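A short write-up of the structure that comes next.
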Amino acid sequence: MSFRAVKEELSHYFQRKISLTIIVIFIVLIGLLARLFYLQVIGYSSFLELSDTNRIRISKVLAERGFILDRNGKILVKNAPTYELVITKEDVVDLDGLLDNISKQVYLDVASTKEIIRKSYFYQPTVISRGLTFEQTAYFLEHSADFIGLSIDLRSMREYYDGVSLSQLIGYLGEVTSADIDLDASNQSRYGETIGKNGIEKLYEDNLRGFDGARQVQVDSFGRLTKILVTKDPVPGSNLYLTIDYELQKFISDSLVGRRGSVVVMDIEDFSVLSLVSSPSYDLRFFSPFILKADWNNLLTNPDKPLLNRAIAGAYPPGSIYKVLMALTGLMEGVITEDTKFKCTGNYILNRNFNYHCWKRSGHGEINLQRALAVSCDVYFYNLGRLLDIDIMQKYSNLFSLGRLTGIDIPNEKKGFFPSREWKKKRKNEVWFPGETIITSIGQGYTITTPMQVAVMMGSIFNGGKVYKPRVVDRIISNIDNKTTVLTPEELDSIEIPEKFVKIITAGLVDSVYKAGGTSRRAAISYRTKDIAGKTSTAQVVSLKKTEGMKDSEIPELWRDHSWFTAVFPADNPRYVIVVMVENGGSGGKTSAPLGGQIVKKMKELGYVKKN
């Protein structure tokens, strides 16, 4: 091949290479232009949004919770500032390392904290620790470069005037859970925030929480705030005024220290609750700003159950205080009058085979209703129970709240239990026996009540037959327009009770406090005036056979009888009802009646009852 031919061949080869290179470059250029077009035109909106998300963020501004005040305007619960550690997970480079470093400075449950952060919303700051000290706050601010993704926020926590005597009533705040988020119709709850978990804080959550605001801010590449752009102010929650009198509540709470029990004091005209105490209690300050796991476990495992609100969820046999309702039922049904007498020999014989004792083994002799109430004669009410039978007793018991919820505005109320023929047949496939009516007639057997139910029973009898829903909140004052919403009594049932019947029962209960032989004599403040109409109860916990022959001091504490006392006062025109219940307190006359008398004395000092 000639030199010319070789030269031409090489020339064609390089031309092809150049053309191919030009084509490749052209294709790449077209691709780049297409990508640029996509980024600048087609994807502009989405990438702008992504850019703004990293540069501009919207964060929630939590509303202040409303205050809680007593009936006289005393602030019981308010808010105090607290510094909190907050993490935005999108800003974090190494979450495990970050949490490990944080846990060296503050208490942190790393495993649960990671789970909360994982569940948090996109670019949603999540609180991981509350209640920072000044030193801790200063440390994190000084070493902020070592904690990328972490910030400090100033928020509020609950501050209590008295965290002990009010704890069962007010309730505590706790971390928002997935269940709380699912149930939140307002869609305001987020992980890392707190919400009412018990008591008034829970039931009135929607009123107390207010409406959250929002803040649009600019941040740097590390997620640190550089500028606040727009702010929408939050609206504080409403303030709650309770029906509770703090001074009375504190007095009763102190009186129950060292005992397991509860006290309810209620106005019988509208069922507003002046005091509701459960003992033992716990300190709400353990929960603010958060409760340590060890403290929480101690509350859960404490055998005295301080978390149990005994006033509305403690269930006990009522014992002899049930005789008050038995007396009314007998009068209403016409099976007895005030003059009806039965002979008490200390025993009641049923069908010649079954012997039911009176608490006074020597007997009370011929006795009428007024005296039977005063000395709490069991045999009188055995006879009355046989005349009424269980069906009538169930009807009146349910009407006066026994065996059903009272509807009080505190969560976790228990409805107790009152038996019936139908229940026993369905539950045990057995008929109802006459002997079961006899023991039910003195408040024993299957019957279980709460102190709140006894208060409703007594209040309804002595106000003439109106059964209202008890309440602890009197009014709600909005922080939006300062509007006041007064909560009015809600009538659940009613029956017209002749005034004569109320006077007959009142006379028996007055005699119980002021006459010789009365079981409630230790409730008397003074014998110059008869202003308390009361009834004691010593309710069995175990069979009498188990404690037969034992001295009181020898009986194991948990086998000892429950001690009850209930009263209305002033006796000449009843306005208030009091219920005292001491678990395993023994005799109602020895334990609960004196406390009841001291409460009435305190109410006189506070101006509720006219001093004589």
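What you see is a predicted model, and the numbers here were worked out from it, not measured in a lab.
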Under 3.5 Å donor-acceptor, [X] side chain and [Y] backbone:
{"X": "D474", "Y": "L242", "answer": "no"}
{"X": "D162", "Y": "V164", "answer": "yes"}
{"X": "T450", "Y": "A315", "answer": "no"}
{"X": "T82", "Y": "R130", "answer": "no"}
{"X": "W296", "Y": "F287", "answer": "no"}
{"X": "Q168", "Y": "V277", "answer": "no"}
{"X": "S401", "Y": "Q453", "answer": "yes"}
{"X": "H562", "Y": "E583", "answer": "no"}
{"X": "D245", "Y": "Q249", "answer": "no"}

Salt bridge flag under 4.0 Å for residues [X] and [Y]:
{"X": "R404", "Y": "D493", "result": "yes"}
{"X": "D153", "Y": "R155", "result": "yes"}
{"X": "K114", "Y": "D96", "result": "yes"}
{"X": "E201", "Y": "R209", "result": "no"}
{"X": "E115", "Y": "R118", "result": "yes"}

Problem set entry | Pair R65, N79: side-chain N/O donor-acceptor within cut-off below 3.5 Å | no
Exercise. Do you know which two heavy atoms are closest between G199 and I410, and how far apart they sit?
Worked result: CA-CG2, 4.2 Å
For this session: Show your working on salt bridge (Lys or Arg N to Asp or Glu O under 4.0 Å) between K469 and D409 and close with a plain yes or no.
Result: CA-CA 9 Å; K469 182 183 291 187; D409 51 347; over 6 Å; no
For this session: Please work out which of the three classes, parallel, tilted or perpendicular, describes the rings of Y172 and Y282, given edges at 30° and 60°.
Result: perpendicular
Roughly how far, to the nearest 0.5 Å, is the [atom2] atom of [Y] from the [atom1] atom of [X]?
{"X": "T243", "Y": "D70", "atom1": "OG1", "atom2": "CG", "value": "9.5 Å"}
{"X": "M266", "Y": "R471", "atom1": "CE", "atom2": "CZ", "value": "11.0 Å"}
{"X": "S165", "Y": "Y246", "atom1": "OG", "atom2": "OH", "value": "4.5 Å"}

For this session: Determine, step by step, whether L606 and F251 satisfy the side-chain contact (heavy atoms from CB on, under 4.5 Å) criterion, reporting the C-alpha distance in whole Å, the side-chain angles of both residues, the deciding distance to 0.1 Å, and the verdict.
Result: CA-CA 11 Å; L606 293 173; F251 173 81; over 6 Å; no
Problem set entry | With S288 via side-chain contact (heavy atoms from CB on, under 4.5 Å) - residues at least two apart |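 S288: side-chain contact (heavy atoms from CB on, under 4.5 Å) contacts with M157, R158, Y160.
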Seminar exercise, completed: Residues passing the side-chain contact (heavy atoms from CB on, under 4.5 Å) test with E413, sequence neighbours excluded, are I312, L405, T406, I408
For this session: Determine whether the aromatic ring centres of F140 and F147 lie less than 6.0 Å apart.
Result: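 Between F147 and F140, which both carry aromatic rings, the centre distance is below 6.0 Å.
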For this session: Could you give me the CA-CA distance, side-chain angles and deciding distance for K89 and L95, then say whether side-chain contact (heavy atoms from CB on, under 4.5 Å) is met?
Result: CA-CA 8 Å; K89 63 185 178 183; L95 182 59; over 6 Å; no
Seminar exercise, completed: From the list N72, I476, I477, side-chain contact (heavy atoms from CB on, under 4.5 Å) partner of Y241 resolves to I477
Exercise. Taking it one step at a time, do L208 and I68 satisfy side-chain contact (heavy atoms from CB on, under 4.5 Å)?
Worked result: CA-CA 9 Å; L208 289 167; I68 300 176; 4.2 Å; yes
